[in-house]
Every structure is written in C-alpha cells, then in structure tokens.
Amino acid sequence: MRFSIITLGCKVNAYESQFYAKQLKEAGWEEDNETFDVVLINSCAVTNTAASKSRQMLHKAKRNNPNAYSVLIGCYAQVLSEEEKKAFDVDLIIGAKHKKEIVDILLEHMRSNQKDDLSEDLAEPFAFESMPIDQFESKHRAFLKVQDGCNQFCSYCIIPYARGRERSLSSQEVIAIAKDLEEKGHIEIVLTGIHTGRYYDEKEKLDLAGLLKKLLENTGEQVKYRISSIEITEVSDELIDLMKKDPRLLHHLHIPIQSGCDRTLKRMNRPYTVAEFEERLSLLRSKIPDLSISTDVICGFKQESEEEFQETLKTLERLRFSFLHVFPYSIRKGTAAEKMKGDVHGAIVKERVNTLLRLSDRLRKIDMERFDTLEVLLESKKGNEMHGYTNQYHPVIIKNDSLHQGRIYTPYTTIKDNVYIVE
C-alpha cells in the first residue's frame, strides 16, 4: 500500500502527520506523493481560508488519483457541518479522537469499502492520545507533544471546538519518550501542544515547570529543552526561576500577544491587558537578561481602527520582541467574532501586515545585535554551508561544510538579511 499525507496548519498538525507516517511505515506501507492508494488530508480550521485550502487539497488529490481512498482528519474534519460532510467526496472523516489508531481504522474501513464519519461530540472531556515519535529528520532537534486542547475561547478561534478541552500526557510517559529521543541522538527537545503552558499531570500534580524539572533530572547534560509557545498568563515564577537556574532550558520564549491595544484585546477575549503583559515581560527580562521573546500578532481584527493599530504598533516597538509572526485576521465560521460588526477592508489589512513585517525585521536585527558569541544547533548541510538556530532562535549560516551537525559555540562575522553569517 502507498500513502500520501498533506498537512495544513500548525506545528502540532505537522507533528501528528509525522506520527501517522511513522505508524503506516511500520505497518509496511510506503510513502508516495505521486501515485498513492490512500491520501490523508491533515486539515486546519483556524480560518475560513485554512478550511478552504483543506478542501482544495482534498479535491486536487482526488483529481490526480481518482481511485485513491481519501481521509479527512484533524481540526476541519471535526467542525464540519452536516451539509459540508454531505458535499465532500471523502471516504473517511476522523476528527479529534481516534488519531492514534490510524492504521487499524484504515485497514478496517478500506475492507468494508463504506464511507464513514468518526468525528464525535467533544463536549465531554476525554483522555490525551499519546503519539510518540522517536526519530526526526534533523536528527538533533526533536518535538514532543505533551498537551492538546484549549479552554480559553478567544473570540476569533475555533480550536476549542476542533480539538476539545485541555488534556495532557502523563509525566512518566513524557520522560520515557524524552529518554528514547536522547538514545536516538537528539540533543534538543521542543515541548509542544495546542496550549503547552497549560500542561498539567493530574495524578502527579505537575505543571509545566514541574515537568521540565523532572525532564532535566532524568536526561543527560547534553539534552536541552525549548518550549514551542506559551501564554503570558502561564509564565509562572517557578518557570522563570528554573530557566534562570538551568541553562539547559534555552533562552527563547514565544509568547503570543495578538494585539497591543486593550480595546482590541477585550474584543478578542484575551485574558490580560497590555500593562499586565508588559509587567510580566519586565520581570522575565530582569531575571534572564539574555532571553529573547517573540510573539504572534493578529492584524485587522474586527473594528480595529487606525488609532488602535497605531497603539499596537507603539506597544510592539516598546516591548522589544525578537520577531513577530503576523497573521491577517480571517473570519472563522462558528466563532464569537463571526457575528461582530466592523470588518476591516482587505487593502487596509494588507498595508498593516506589511508595516508589522517591516517592524519585525527591525526588531530581529536589534535583538540579534545584542549577542557576540552564538550557541548554535547545526541542523542541516546545504551546499557548502551549515545551517542552524541559536539558543535565542535566530537563524545562522556557517560557511564551512566540514563541521558535524550538533551544538557549537562561535562568534559571528556579520548579520545579513537577519541571518548570522559565520565565515
């Protein structure tokens, strides 16, 4: 059997696609993106645009391989209306549950040759589905999914409906997977999830800081840890103290702010004000001076006036983020924001996005210039160069292909196009 996986959306989706591929290969299947018997569309529902792209990818795959068995899996599959399900020419729908059983489910349903919908109501809490991966392409950086789901219900976001309530992998299993990753040669582990900072092991009464402490105690000195993303309300005193104390927790945090204007944040139903966000950032930087902090910003949210945008712009400059991920707001059916009035014209949104991207370039250069010597994880060889990222998650190119992949310390020669260049 030959399979193809098309992945849309976030890093968690990318992680889950790697798990599906691993499971299918272990069952004797081969990956073939040209001629395949089964196609899995790992879908995204964050915006209507993402949902539309999921549909396009499915239709394209069916056109190229009309006899292939088709599976729509993930967030968009979970939130499809009954009308949308009927309109889809898809053989199998899998929502937020049963992902771990992908091989058995495929074999069973392909034999019966019947269309089926395995998406279920997510109103009730359900257990975390463990999806361990023990080998990653980069060989040195690995991802470990420790959390899923969200309870926050931001007004623009469909994720709580697409992935269900918060749930976490047991700390014992997290540690076991981390040890396995270490044995396979991975020296940097990125803890990831939909709401990673909300990790909590009910049985052991461990939050994210407690989990990291256990990981540091149970893996070797060469293994370092990174948090994929965390909300400002989840950056606890214990986590700050642990990052300050142990250099194996890398000094970069990605903390979404989404807007730098309190009025916009209130419409977004975000659980903080700009002043509260700024106060926590100040504490972080006072404790860990070499910490770099990047962020997410949604541009052109409902009713965002020019005054509000300028306020956001000033806030982002003042808070000195290391770089910005900028997202133009896109309406998502089923969210509270869908019913709000005050759409911002597309041309204005595009102009504001470009303004924020230019700001991001300036902020990254300013942050990069703070450092003289780089701690770099070299991950790949491209031509005569080695590529990687620093402790603070800035890109590096080393013009020396004789180096081995892994962690090195080096001064840089120059910064070009917001990349450290080491001659």
Side-chain angles (χ1 to χ4, degrees), residues 10 45-48 50 149-163 166 193-198 227-236 239-240 253-285 293-346 348-357 359-360 363:
C10 65
V46 167
T47 64
N48 282 352
C150 180
N151 295 355
Q152 193 157 285
F153 292 93
C154 298
S155 65
Y156 52 81
C157 188
I158 198 70
I159 294 303
Y161 305 98
R163 285 190 172 264
E166 293 169 2
I194 294 299
H195 216 145
T196 314
R198 295 281 294 173
I227 301 168
S228 62
S229 181
I230 189 168
E231 295 284 349
I232 195 67
T233 52
E234 299 153 5
V235 182
S236 66
L239 180 59
I240 295 171
L253 288 175
H254 187 79
I255 310 177
I257 190 171
Q258 306 302 9
S259 173
C261 171
D262 284 340
R263 297 186 298 283
T264 312
L265 288 172
K266 188 174 182 179
R267 292 196 302 278
M268 289 178 168
N269 197 33
R270 298 291 288 173
Y272 50 80
T273 64
V274 170
E276 289 166 344
F277 196 104
E278 189 166 5
E279 182 181 5
R280 204 66 184 160
L281 247 58
S282 296
L283 176 64
L284 265 166
R285 286 171 170 150
I293 301 167
S294 55
T295 197
D296 291 339
V297 187
I298 295 174
C299 190
F301 186 64
K302 290 288 188 79
Q303 303 169 31
E304 185 186 62
S305 65
E306 183 61 27
E307 180 187 357
E308 289 184 354
F309 175 70
Q310 290 301 323
E311 191 173 333
T312 288
L313 199 59
K314 290 175 183 176
T315 298
L316 297 174
E317 289 201 68
R318 186 174 72 252
L319 297 188
R320 296 180 289 112
F321 291 106
S322 59
F323 60 85
L324 315 174
H325 285 162
V326 183
F327 301 92
Y329 172 68
S330 174
I331 297 171
R332 183 62 186 97
K333 186 178 178 182
T335 61
E338 180 197 6
K339 300 175 183 177
M340 291 182 185
K341 295 180 180 179
D343 291 347
V344 181
H345 192 279
I348 295 174
V349 175
K350 185 176 180 180
E351 182 182 335
R352 291 176 183 174
V353 165
N354 289 334
T355 299
L356 290 177
L357 290 174
L359 172 61
S360 180
L363 291 173

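Only a predicted model underlies this, so the values are computations on that prediction, with no experimental measurement involved.
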Task: Aromatic plane relationship, F327 with H325 - under 30° parallel, 30 to 60° tilted, over 60° perpendicular - done: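 Perpendicular, since the angle between the ring planes exceeds 60°.
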
Task: Within residues 293-316 or reaching into it, pairs that qualify as ring pair (Phe, Tyr, Trp, His ring centres under 6.0 Å) - sequence neighbours excluded - done: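 Every pair satisfying ring pair (Phe, Tyr, Trp, His ring centres under 6.0 Å) with a residue in residues 293-316: F301-Y329.
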
TODO: Using atom types as modelled and distance alone, determine if a side-chain donor or acceptor of T355 lies under 3.5 Å from a backbone N or O of E351.
DONE: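 Yes.
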
Task: Under 3.5 Å: donor-acceptor pair, side chain of S155, backbone of R267 - done: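 Here the side-chain-to-backbone pair exists.
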
Least distance between heavy atoms, [X] atom then [Y] atom:
X: S294; Y: H254; result: OG-ND1, 2.7 Å
X: Q152; Y: N269; result: O-ND2, 4.0 Å
X: E308; Y: Q303; result: OE1-O, 3.5 Å
X: L324; Y: S360; result: N-OG, 2.9 Å
X: V349; Y: P328; result: CG1-CB, 3.7 Å
X: I255; Y: I232; result: CG2-N, 3.5 Å

TODO: Can you establish whether the number of heavy atoms outside E279 located under 6.0 Å from its atom CD is more than 12?
DONE: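 No - once you tally the heavy atoms of other residues, nucleotides and ligands closer than 6.0 Å, there are 12 at most.
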
Task: More than 12 heavy atoms from other groups under 6.0 Å of CD on Q310 - done: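 Counting neighbours around CD of Q310, more than 12 heavy atoms of other residues, nucleotides or ligands fall under 6.0 Å, so yes.
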
Open item on the list: With side chain to side chain contact (heavy atoms under 4.5 Å, CB included) as the criterion, how do E276 and L265 come out once you've worked through the C-alpha distance, each side chain's angles and the decisive distance to 0.1 Å?
Closed with: CA-CA 12 Å; E276 289 166 344; L265 288 172; over 6 Å; no

Open item on the list: For V344 and R352: C-alpha separation, side-chain torsions, deciding distance, then whether side chain to side chain contact (heavy atoms under 4.5 Å, CB included) applies.
Closed with: CA-CA 11 Å; V344 181; R352 291 176 183 174; 3.9 Å; yes

Open item on the list: Quick one, V46 with R332, criterion side chain to side chain contact (heavy atoms under 4.5 Å, CB included). Give me CA distance, side-chain angles, the key distance, then yes/no.
Closed with: CA-CA 7 Å; V46 167; R332 183 62 186 97; over 6 Å; no

Task: Side chains of D343 and I331 in contact at under 4.5 Å (non-hydrogen atoms) - done: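 Yes, side chains in contact.
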
Task: F321 side chain reached by L281 side chain, heavy atoms, under 4.5 Å - done: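 Contact flag for L281/F321 side chains = yes.
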
Roughly how far, to the nearest 0.5 Å, is [atom2] of [Y] from [atom1] of [X]?
X: L356; Y: L316; atom1: CG; atom2: CG; answer: 6.5 Å
X: E278; Y: T315; atom1: CD; atom2: OG1; answer: 7.5 Å
X: Y272; Y: D262; atom1: OH; atom2: CG; answer: 10.0 Å
X: T335; Y: K302; atom1: OG1; atom2: NZ; answer: 7.5 Å
X: L239; Y: I227; atom1: CG; atom2: CD1; answer: 4.5 Å

Open item on the list: Show, in sequence, the C-alpha distance, side-chain angles and deciding distance for Y156 and Q258, and conclude whether the side chain to side chain contact (heavy atoms under 4.5 Å, CB included) test is met.
Closed with: CA-CA 11 Å; Y156 52 81; Q258 306 302 9; 3.5 Å; yes

Open item on the list: Let's go through R270 and E231 carefully: what are the C-alpha distance in whole Å and the side-chain angles of both, what is the deciding distance for salt bridge (Lys or Arg N to Asp or Glu O under 4.0 Å) to 0.1 Å, and is it a yes or a no?
Closed with: CA-CA 10 Å; R270 298 291 288 173; E231 295 284 349; 2.6 Å; yes

TODO: Mind running side-chain hydrogen bond (donor to acceptor under 3.5 Å, both in side chains) on T196 and S229 for me, showing each step along the way?
DONE: CA-CA 7 Å; T196 314; S229 181; over 6 Å; no

Task: Residue pairs passing the salt bridge (charged side-chain N to carboxylate O under 4.0 Å, His left out) test where at least one lies in residues 150-163, sequence neighbours excluded - done: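 As it turns out, the salt bridge (charged side-chain N to carboxylate O under 4.0 Å, His left out) pairs with a partner in residues 150-163, which skip direct neighbours, are E16-R163, D148-R163.
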
Task: Partners meeting side-chain contact (heavy atoms from CB on, under 4.5 Å) with R320 (sequence neighbours left out) - done: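 With neighbours one apart ignored, the set is R285.
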
